[in-house]
Each structure stands twice: as structure tokens, then as C-alpha cells.
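Report on the structure given below.
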Amino acid sequence: MKTLIVIPARMASKRFPNKPMTLIRGKPMIQRVWEKAISSSVGDVLVACSEVEVQDLIISLGGKTQLTDPNIPSGTDRVYSAIEKKLNLNEYESIINLQGDMPLINSKDIEKVNFPLKQGFDIGTLVTNIKDADEAKDRNITKVKVDWIKKEIIGKAIDFHKDVSFFKEKLLYHHVGIYSFRYETLKKFISLQSSDNEKKRNLEQMRAIDAQMSIGVGYINNTPISIDTKEDLIKIKNYYNEK
């Protein structure tokens with residue numbers, strides 16, 4: 001599929017200010033994510049950034065950027081804002097929203113998020129295993145209930161929540177923050193009002209669920225650690241030290 005990967009990045013995170021530029025073994029986090037996107041060879045790569053510091057860094061690396069309003073509420077809204085004025089968007093069969101806080105994502109897994117689109121779903125995303133009880137209880141990690149069509153190959157996301165006690169089911173999955181959209185689907189998603197569940201849970205994917213948009217799910221092995229807090233940064237640094 002002809003694909004455009006867009007990486008939203010914003011410095012004004014409430015939980016972790018200046019997150020995109022935080023150094024991980026001498027490299028800014030946004031650079032590490034951009035390098036993963038480039039090395040995937042899935043398609044063109046664009047960083048949707050709110051600040052010139054991020055823009056200057058990516059341009060210095062030979063990358064492409066688009067400045068966006070820092071007040072845009074969600075990553076997917078930022079992705080659309082970055083591309084809405086670009087020409088020939090209909091040439092892309094997939095637009096991937098790759099979160100800018102996933103420096104450990106496997107480049108080979110990025111392409112897997114296109115698979116649900118090929119199966120006819122409105123939106124594609126990925127899940128992985130929940131490793132232990134501590135991870136299940138971690139409210140920074142989004143859990144997913146999946147209705148598998150073919151076990152751990154392709155399924156449909158039924159519900160998302162950060163609180164594991166919300167679910168009655170024991171078998172849940174760890175949501176990986178990457179999405180694929182066709183352009184018209186992305187445009188439709190952005191046109192929707194934030195739903196009550198999106199606001200209550202602070203999860204933008206609930207906007208799609210509440211609007212009856214189908215979210216297809218692919219499975220990947222092992223959890224690529226995302227950085228939501230400074231504690232997560234310590235985990236990342238420990239990971240590199242162990243390697």
C-alpha cells in the first residue's frame with residue numbers, strides 16, 4: 001500500500017513537558033522514532049510538530065516536517081492538520097499515525113498496522129501481550145478487548161480502557177499507539193465531535209468506537225515501551241543499559 005507515516009510531536013505535554021526532545025543515550029526521542037519510521041521503508045515520513053525546536057532537528061537530519069497548532073487536542077487531529085493542505089493525498093492508500101513517544105517500536109511492525117485496512121476495517125491498530133499483573137494495573141497503559149477473527153492475526157477492537165477493573169474479561173491486550181487510516185476515513189474521524197467516552201477515558205479511539213467505526217487489530221510480539229511519564233524514561237534507559 002502506498003503509505004504516508006505521520007509522527008505527531010508536542011512539547012507541551014502536561015505529564016512530561018518537552019518530551020520529544022528528551023535525550024535517550026544522546027539522541028532526542030523524536031529522532032529515534034523518526035529513524036524507526038525511515039528504516040521501516042513503509043512509505044514517506046512526515047513529523048507533525050508544534051515547536052520549531054523539533055522542526056529544526058528533523059530538518060537537520062534531512063527529514064520533512066509540518067508545524068501545527070500546539071492547542072490541537074489529540075495526536076490524530078494533529079496528523080490531519082499537518083496533511084490537510086497537501087496535494088494528492090488521495091494517492092496514499094494508508095496514512096499511519098505513529099506516536100512520537102515510541103522509540104523502541106520495531107520498524108518491521110510498523111507495516112503490520114496496514115493489514116487491517118487490507119481486510120476492510122475503517123481503522124487499523126496493533127496490540128501486544130500484557131506481561132504481568134503490574135502492567136495490567138498500570139493506568140498509563142491502555143487495555144483492549146479484542147474479538148479475534150483469526151487468533152492473534154486479525155481481530156476487531158471492542159473496547160478500550162486504562163483501568164483493567166473496567167473489564168470483566170481476563171484476557172486483554174496492551175494497546176500499541178499506532179493507527180492506520182485511509183484518507184477519507186481520517187477526514188471523517190476528524191469531523192466527529194469528541195464523544196463522552198473519549199472525554200471520560202481520555203482515549204481518542206473511543207470517538208471511533210462510539211461512532212460505529214470499525215477498528216481492526218493486528219498482533220505483535222513484545223511490548224514496545226512508550227514514554228508517557230518520567231518513570232517510563234527510566235525504564236527505557238534501563239532497557240538500553242541492559243542491552
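All heavy atoms count here, side chains included; hydrogens, waters and symmetry mates do not. No experiment lies behind these values; they were computed from the predicted model shown.
Here the rule is side-chain contact (heavy atoms from CB on, under 4.5 Å) with V113, and of L126, I5, V42 only L126 fits it.
Note: K143 NZ to L203 CG = 10.0 Å, rounded to the nearest 0.5 Å. To the nearest 0.5 angstrom, F160 atom CZ is 9.5 Å from I158 atom CD1. For the atom pair N90 CG and R182 CZ, the distance stands at 11.5 Å (nearest 0.5 Å). Interatomic distance, CD of E51 versus OG1 of T68, reported as 8.0 Å (0.5 Å rounding). One distance of note links OH of Y183 with CG of L89; it measures 5.5 Å at 0.5 Å rounding. Note that the CD atom of E111 and the OG atom of S94 stand 10.0 Å from one another [nearest 0.5 Å].
Remark: side-chain polar atoms of S81 are not paired, donor with acceptor, to backbone N or O of R78 under 3.5 angstrom.
By the criterion of side-chain heavy atoms lying less than 4.5 angstrom apart, applied directly or through intervening Ile, Leu, Val, Met, Phe, Trp or Tyr residues, F189 is grouped together with Y92 in one hydrophobic cluster. Under a hydrophobic clustering in which Ile, Leu, Val, Met, Phe, Trp and Tyr are joined whenever their side-chain heavy atoms come within less than 4.5 Å, directly or via other members, I59 and I7 fall into different clusters. Note: the hydrophobic cluster containing F167 does not contain L171 (ILVMFWY, side chain heavy atoms under 4.5 Å, direct or indirect links). Hydrophobic cluster membership differs between I72 and Y179, with clusters built from Ile, Leu, Val, Met, Phe, Trp and Tyr side chains linked at under 4.5 angstrom. At a threshold of 4.5 Å between side-chain heavy atoms, the hydrophobic network of Ile, Leu, Val, Met, Phe, Trp and Tyr places I215 and I96 in two separate groups.
In this structure E184 satisfies the salt bridge (Lys or Arg N to Asp or Glu O under 4.0 Å) test with no other residue, sequence neighbours excluded. Here D109 pairs with K112 under the salt bridge (Lys or Arg N to Asp or Glu O under 4.0 Å) rule; sequence neighbours left out. Not counting sequence neighbours, the partners of K2 by the salt bridge (Lys or Arg N to Asp or Glu O under 4.0 Å) test are E91. The salt bridge (Lys or Arg N to Asp or Glu O under 4.0 Å) test applied to K27 returns E35, not counting sequence neighbours.
Between the side chains of H161 and T142, no donor-acceptor pair is found at a separation under 3.5 Å. With hydrogens and angles left out, the side-chain atoms of S165 and D163 include a donor and acceptor closer than 3.5 Å. Side-chain polar atoms of S50 and R10 form no donor-acceptor pair below 3.5 angstrom. A donor-acceptor contact closer than 3.5 angstrom links the side chains of S39 and S107. Side-chain atoms of D122 and T185 include no donor-acceptor pair closer than 3.5 Å. Side-chain contact, N114 with T3: a donor N or O sits under 3.5 Å from an acceptor N or O.
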Item checked: side chain to side chain contact (heavy atoms under 4.5 Å, CB included) assessment of H175 paired with Q205 -> CA-CA 11 Å; H175 182 231; Q205 54 269 54; 3.5 Å; yes
Note to self: Set out, in order, the CA-CA distance, both residues' side-chain angles and the distance that settles side chain to side chain contact (heavy atoms under 4.5 Å, CB included) for I30 and L57, then state yes or no.
What the structure shows: CA-CA 9 Å; I30 188 63; L57 169 67; 3.7 Å; yes
Check: How far apart are the C-alpha atoms of L67 and V52, what are their side-chain angles, what is the distance that settles it, and do they pass the side chain to side chain contact (heavy atoms under 4.5 Å, CB included) test?
Finding: CA-CA 8 Å; L67 280 174; V52 293; 4.2 Å; yes
Check: Are L104 and R32 close enough, and set up right, to give a side chain to side chain contact (heavy atoms under 4.5 Å, CB included), and what steps lead you there?
Finding: CA-CA 8 Å; L104 294 185; R32 289 190 176 276; over 6 Å; no
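Looking at I220 and K108, their side chains never come closer than 4.5 Å, going by heavy atoms from C-beta outward. Side-chain atoms of K64 and V45, non-hydrogen and from C-beta on, never get closer than 4.5 Å to each other. Counting only heavy atoms from C-beta outward, the side chains of H174 and E135 approach each other to under 4.5 Å. Side-chain contact check for I38 versus W34: some heavy-atom pair is nearer than 4.5 Å. Residues N97 and P8 meet the side-chain proximity criterion, which asks for heavy atoms closer than 4.5 Å. Residues V33 and I105 are not in side-chain contact: their nearest non-hydrogen atoms beyond the backbone lie 4.5 Å or more apart. Residues Q66 and K86 are in side-chain contact: their nearest non-hydrogen atoms beyond the backbone lie under 4.5 Å apart. Between E198 and D210, the closest side-chain pair of non-hydrogen atoms is not below 4.5 Å.
Nearest approach of C49 to V54, heavy atoms of both residues: CB-CG1, 3.6 Å. Of all the heavy atoms in S74 and E204, the pair that sits closest is OG-OE1, 2.9 Å. Looking at every heavy atom in both residues, P103 comes nearest to K36 through O-CE, 3.3 Å.
Its side chain within the 4.5 Å cluster rule, L117 clusters with M1 among the Ile, Leu, Val, Met, Phe, Trp and Tyr residues. In the hydrophobic clustering (ILVMFWY side chains linked at under 4.5 Å, chained through shared members), I149 is joined by F115, F121, I153, I154.
Between Y219 and W148, the ring-plane angle classifies as perpendicular under the 30° and 60° cut-offs.
R201 has a carboxylate O that lies under 4.0 Å from a charged side-chain N of D159, or vice versa, which qualifies the two as a salt bridge. A salt bridge links R207 with D77: the closest approach of a Lys/Arg side-chain nitrogen to an acidic carboxylate oxygen falls below 4.0 angstrom.
Within 6.0 Å of NZ on K151 lie more than 12 heavy atoms contributed by other residues, nucleotides or ligands.
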